[in-house]
Amino acid sequence: MTGYRRHVALRLIVLTIVVLALFKVFFKARLVPKPTLPSSFWGNNVKFMAPIAQEGKAASEEKHFKEALPPPEPEKPQRPMVTSPLRLVHLDLKGAALKVSYLEQVFPLLSTLGATGILLEYEDMFPFEGDFAMLRSPHAYSIEDVEKIQQLAELNKLEVIPLIQTFGHLEFVLKHEKYWSFREFQRFPNSLNPHHPESLGLVKAILSQVLDRHRKAKWIHIGADEVFHLGEGIDSKNWLRNNNGNLGQMYLNHVKEVSAFVVEKYPWMGVILWDDMMRRTSIDLIKESGITRFAAPMIWQYGEQLNFEAIDKYITSYANAGFQTVWFASAFKGASDVAQIWTPIGVHLNNHLSWHKVISSMANYPGIHWQGIALTGWQRYDHFSVLCELLPVSLPSLGVCLQSLIHGAFNDESKKTTLDILGCTNIDLKNNLCEGGGVFPGSEIYRMVLHIRDKLKLETETFLNNKHIRGWFSHYQRKYHFGNPRNLDFFGEKMLKFLEEWENFIQSFRTQMESTYFPDTIEEWMEDNVNIYMDPLRELAKDFKEAIDKNGGVKKALK
């Protein structure tokens, strides 16, 4: 009996073990995770799980499923965002372009003064190649120069943003006869005809050459401001007749195409454009254009006192239109007069203090992200206008403006920092002077331009108005080399010494300029600011010597 019970118990134990094993296998199978589906499972490559025998049906169901889905919305490009708003110093190279050797000295100064980037407007200074080689200035940078400029900027922690015009202010391209047919209005080389079949290709090719040399750049500025005479060309008039006269749409169509090209070819790069042409454009039209997906406006005002009401309207409108980001632009030089020789520091300081108020109010616009401000330093008002202030002349203004943006005022702290960096003994806002002349790169040019401004015109005009010259060496007497040596001696020796002193000074000035600028800039600046006063003095000396050589003889015979 005992053996029998023992046998039954053993069989029950074995049976229990088998049952437990079966349960273990069963539940293990239930707990094994299913294979992970590919990330595209719910995307355009959706596949239905079906037996091989039902592949045809599955394909049919897949097609029906796709047709039932609404068309996918295009992805909104994620434009680069700054972690801290940038302070860009604008270097306008369409006049008084700077030698790389000078940039090597001035970039550390800009960084120390508080700049965090460079807005580099190349125009004809870029080393265009191939069909566009004709666009280059005779003194254009080389490819190696462009690379070195970027290296210098990186070394000094300065973000480089190239600026190439693509619509208005395209004179450096449209002045060439080869591109006359691309003009919006045939008489004027200002603006591009957006309807010319090759205009977009032209812009894309120019941009590609620049951006291929700036692969580290996070932004490109495509200009597009002041598109003068847009809508006045024959092609544009025809387009306007067929599109309800919508000039804003015409503008937006072009800049959107340009911006979309940049983002497609250089997807890491953001696009910036001047905002003035969009200021009167409706919010709905900006939305419909699609420009907000690709670009950001840069709002500019250079006046001493900003129109805060207008700027509030612009920011609000751009935010409501869908722009993700916005930039601002002030001016530290080149915006006070078309032929300005000396920078009015106080005017530009007030412009920046006004902009600081706008910057401080950006919390009121949560729908749009402020990226930074460009302190513009215009060298010309356009490709054909005269030179504005030279950069060394305006560096005290730049220092004051940068430090005022940082501190919110030109207070004791910002003033002390500016003086220490520039080496000035004082900043005289009333007389627009860096007292002591400074020790910054180009300070010799600063001091010499000041001397020319204060002395040359006044002294030469005063000398030429001398009573002895007016009475005994008039225009008529000079024309016929007729004069009494006794009377000519009253002013002759003084005149020659006066001329020699100025010639020596000007030669020293030219030497300083040669270390900073190319020959075309020096020649232009000298013609407009020096020779206009020196040439009459030189002519007087020449006529004097010829009259003295006649020794009081008979005047030259009339013809």
Side-chain angles (χ1 to χ4, degrees), residues 95-96 99 137-139 337-342 380 384-390 392-393 437 442 444-559:
K99 288 185 175 181
S137 160
H139 305 287
D337 185 76
V338 68
Q340 186 70 267
I341 186 177
W342 196 254
R380 300 184 195 277
F384 290 92
S385 63
V386 301
L387 293 171
C388 299
E389 313 99 294
L390 299 172
V393 167
E444 281 294 331
I445 292 176
Y446 177 90
R447 288 189 287 272
M448 297 179 95
V449 169
L450 179 62
H451 184 70
I452 290 170
R453 184 202 70 162
D454 289 349
K455 302 291 186 180
L456 181 58
K457 179 181 179 180
L458 177 63
E459 290 186 0
T460 53
E461 289 181 350
T462 299
F463 196 94
L464 292 171
N465 198 41
N466 181 291
K467 70 176 183 179
H468 297 292
I469 296 174
R470 288 188 290 107
W472 286 280
F473 207 41
S474 69
H475 182 72
Y476 174 82
Q477 291 166 316
R478 290 171 59 184
K479 182 177 180 178
Y480 293 102
H481 305 153
F482 179 63
N484 185 336
R486 176 182 177 276
N487 298 326
L488 297 182
D489 284 345
F490 287 141
F491 67 87
E493 186 176 344
K494 291 180 180 179
M495 177 197 62
L496 294 176
K497 182 179 180 182
F498 178 69
L499 176 62
E500 182 182 13
E501 289 175 350
W502 268 110
E503 292 287 21
N504 290 337
F505 179 86
I506 289 166
Q507 183 54 50
S508 297
F509 175 68
R510 182 180 287 274
T511 300
Q512 291 295 327
M513 288 282 282
E514 286 171 350
S515 67
T516 304
Y517 293 106
F518 297 98
D520 57 341
T521 297
I522 299 171
E523 178 67 15
E524 182 178 356
W525 202 91
M526 296 293 282
E527 283 295 330
D528 287 340
N529 299 289
V530 173
N531 293 341
I532 189 175
Y533 306 115
M534 288 295 295
D535 283 350
L537 191 61
R538 291 161 179 157
E539 287 296 320
L540 176 66
K542 176 176 174 292
D543 292 342
F544 168 80
K545 290 175 181 177
E546 292 182 356
I548 284 293
D549 288 345
K550 293 185 73 70
N551 199 31
V554 178
K555 70 180 177 182
K556 185 178 178 181
L558 296 173
K559 293 183 180 179

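These figures come from a predicted structure and were not determined experimentally. Hydrogens, waters and symmetry mates play no part in the numbers below; they use all other heavy atoms, side chains included.
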Q | Arg486 and Phe490, any side-chain heavy atoms less than 4.5 Å apart | A | yes

Q | Arg447 side-chain N/O to Gly437 backbone N/O, donor-acceptor pair under 3.5 Å | A | yes

Q: For Leu488 and Ala547, work out which heavy atoms get closest and say how close.
A: CD1-CB, 4.0 Å

Q: May I ask you to decide whether Glu500 forms a salt bridge with Lys497, counting only side-chain N to carboxylate O separations under 4.0 Å?
A: no

Q.
Ring-plane angle category for Phe544 and Phe473, please: parallel below 30°, perpendicular beyond 60°, tilted otherwise.
A. perpendicular

Q.
Between Lys455 and Trp502, is there a side-chain heavy-atom distance shorter than 4.5 Å?
A. yes

Q) Does a donor on one side chain sit under 3.5 Å from an acceptor on the other, for Thr521 and Glu524? A) no

(Q) In terms of relative ring orientation, are Phe498 and Phe463 parallel, tilted or perpendicular, with 30° and 60° separating the classes? (A) parallel

(Q) So that I can tick it off, tell me whether Arg510 and Glu514 are bridged by a salt bridge, with the cut-off set at under 4.0 angstrom between side-chain N and carboxylate O. (A) no

**Q.** Value rounded to 0.5 Å, distance of CG in Asn529 from NZ in Lys457
**A.** 11.0 Å

Q: Applying salt bridge (charged side-chain N to carboxylate O under 4.0 Å, His left out), name anything that partners Glu503, two or more places apart in sequence or on another chain.
A: Arg538

(Q) Parallel, tilted or perpendicular, judged at 30° and 60°: which one describes the rings of Phe509 and Phe505? (A) parallel

Q) Measuring from Thr516:OG1 to Leu390:CG, what's the distance to the nearest 0.5 Å? A) 9.0 Å

